[in-house]
There are 2 protein chains.
Amino acid sequence: MDSQSTIRALAALAQEHRLAAFRLLVQAGPEGMAAGAIADALEVPASSMSFHLAQLAHAGLVSQQRRSRSIIYAADYAVMNALMAYLTENCCGGASCASDAACSPIQSAERNVA
Amino acid sequence: MDSQSTIRALAALAQEHRLAAFRLLVQAGPEGMAAGAIADALEVPASSMSFHLAQLAHAGLVSQQRRSRSIIYAADYAVMNALMAYLTENCCGGASCASDAACSPIQSAERNVA
DNA sequence: CCGATATTTCGATGAATATAGAAATATGAG
DNA sequence: CTCATATTTCTATATTCATCGAAATATCGG
């Protein structure tokens with residue numbers, strides 16, 4: 001994952017309706033959801049939702065697949081995991097930051113925000 | 001972590017110079033770096049970098065601390081981990097998506113992008 | 001083919017964001 | 001107190017983004 005595609009993915013998620021749509025798809029699982037169902041659930045006009053779904057797809061965060069008259073969207077977890085990996089890459093310059101329990105992407109977020 | 005703070009964090013990272021600065025701080029570790037050093041490393045004017053660092057700080061992704069004439073910035077890993085947790089929350093509706101090896105935030109990104 | 005359904009593309013408008021020089025603020029040294 | 005250093009705030013401009021109705025495209029049933 002390079003800088004440009006990372007920015008595209010982050011920008012895609014940094015918007016109210018797109019973040020909501022993505023989370024909805026994450027919860028929907030591999031089955032996915034039709035574009036119309038997503039628009040209905042989030043109470044966003046179809047044309048607006050289409051605009052946002054296109055950006056999520058362009059960023060690779062969701063896949064689209066036509067099924068009859070509907071287009072089914074589904075979350076792609078791999079891209080999001082790649083995102084996280086890119087952000088924490090070469091953490092602490094490779095030094096032993098495990099002592100601080102800071103670099104591990106697995107730990108829960110309990111540290112104080114200074 | 002709620003929707004608004006998540007969007008703020010994602011938007012903060014979705015910009016070339018801010019993403020580069022954050023990654024630089026992640027690699028710098030707990031020691032952090034002075035604002036001027038970051039601006040020099042990324043070849044961005046000081047006033048522009050200050051604008052970007054303020055946004056990262058407002059999103060909680062970095063902390064700032066004055067040390068003599070310098071202001072030292074350091075990455076806060078907890079917020080980023082909280083970010084990832086929020087995105088994958090209630091994945092697959094809680095069903096057994098482990099069979100698909102899709103929901104785990106730990107796995108490496110090797111699945112095909114459909 | 002024709003009508004109904006599902007979704008996308010187009011187009012215009014208003015809002016938010018990035019940029020960088022100049023001026024202002026804060027700290028330390030002599 | 002004064003000068004030098006480090007960073008931020010101010011200000012203006014150019015670019016990008018979100019919105020949503022209307023029209024266009026694609027698919028299915030009869």
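These numbers come from the heavy atoms of this one structure, side chains and all, not from hydrogens, waters or symmetry mates. These numbers were taken from a predicted model, which means no experiment stands behind them.
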*Just do the side chain to side chain contact (heavy atoms under 4.5 Å, CB included) check on B/Ser63 and B/Asp76 with the steps written out, would you?*
CA-CA 7 Å; B/Ser63 61; B/Asp76 189 319; 5.6 Å; no

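- Here the CZ atom belonging to B/Arg66 is positioned 4.5 Å from the CD1 atom belonging to B/Ile71, to the nearest 0.5 angstrom.
- Looking at every heavy atom in both residues, B/Tyr77 comes nearest to B/Gly29 through OH-CA, 3.7 Å.
- Listed by chain and residue number, B/Leu10, B/Ala11 satisfy the side-chain contact (heavy atoms from CB on, under 4.5 Å) test with A/Ala14 (two or more places apart in sequence, or in another chain).
- When the side-chain hydrogen bond (donor to acceptor under 3.5 Å, both in side chains) test is applied to B/Asp2, the partners found at least two apart in sequence or on another chain are B/Ser5.
- Atom-to-atom distance recorded for B/Met80:CE and A/Leu83:CG is 9.0 Å, nearest 0.5 angstrom.
- We find that CG of A/Leu13 is positioned 15 Å from P of D/dC17, with the value rounded to whole Å.
- When the P atom of D/dC20 is taken as reference, atom NE2 of A/His17 falls 7 Å away, rounded to whole Å.
- Taken to the nearest 0.5 Å, the CG atom of A/Leu61 stands 10.5 Å off from the CZ atom of A/Arg8.
- Every residue two or more places apart in sequence or in another chain that forms a side-chain contact (heavy atoms from CB on, under 4.5 Å) with B/Glu89 is listed here: A/Arg23, B/Tyr86.
- Sorted by residue number, the members of residues 47-59 of chain A with any non-hydrogen atom under 4.0 Å from DNA chain C read A/Ser47, A/Ser50.
- Residue A/Ala35 is in sugar-phosphate contact alone, with no base atom involved, counting any heavy-atom pair closer than 4.0 Å across all strands shown.
- Between B/Val62 and B/Phe22 the shortest heavy-atom distance is CG1-CD1, 4.1 Å.
- For A/Ile7, the side-chain contact (heavy atoms from CB on, under 4.5 Å) criterion is met by A/Ser3, A/Gln4, B/Glu16, B/Leu19, not counting sequence neighbours.
- The salt bridge (Lys or Arg N to Asp or Glu O under 4.0 Å) analysis of residues 48-65 of chain A, with sequence neighbours excluded, yields no pairs.
- Taking the screw axis at each terminus of the helix from C/dC1-D/dG30 to C/dG30-D/dC1 from five consecutive base pairs, the angle between the two is 30° to within rounding of 10 degrees.
- In the hydrophobic clustering of ILVMFWY residues, with side-chain heavy atoms under 4.5 Å counting as a link, A/Val26 and A/Val79 come out together.
- Where DNA chain C meets chain B (any atom under 4.0 Å from a heavy atom), the bounding nucleotides read 5' to 3' are C/dA18 to C/dG28.
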*What does nucleotides 25-30 of chain D look like as a protein-contact string, B for base, S for sugar-phosphate only, - for none, at under 4.0 angstrom between heavy atoms?*
-SBB--

For residues 41-60 of chain A, tabulate all N or O donor-acceptor pairs below 3.5 Å that involve a side-chain atom, not counting sequence neighbours.
unit_1, atom_1, unit_2, atom_2, d
A/His52, ND1, A/Arg18, NH1, 3.0

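- Residue A/Ala34 is classed as a sugar-phosphate contact, given heavy-atom separations below 4.0 Å to backbone atoms only.
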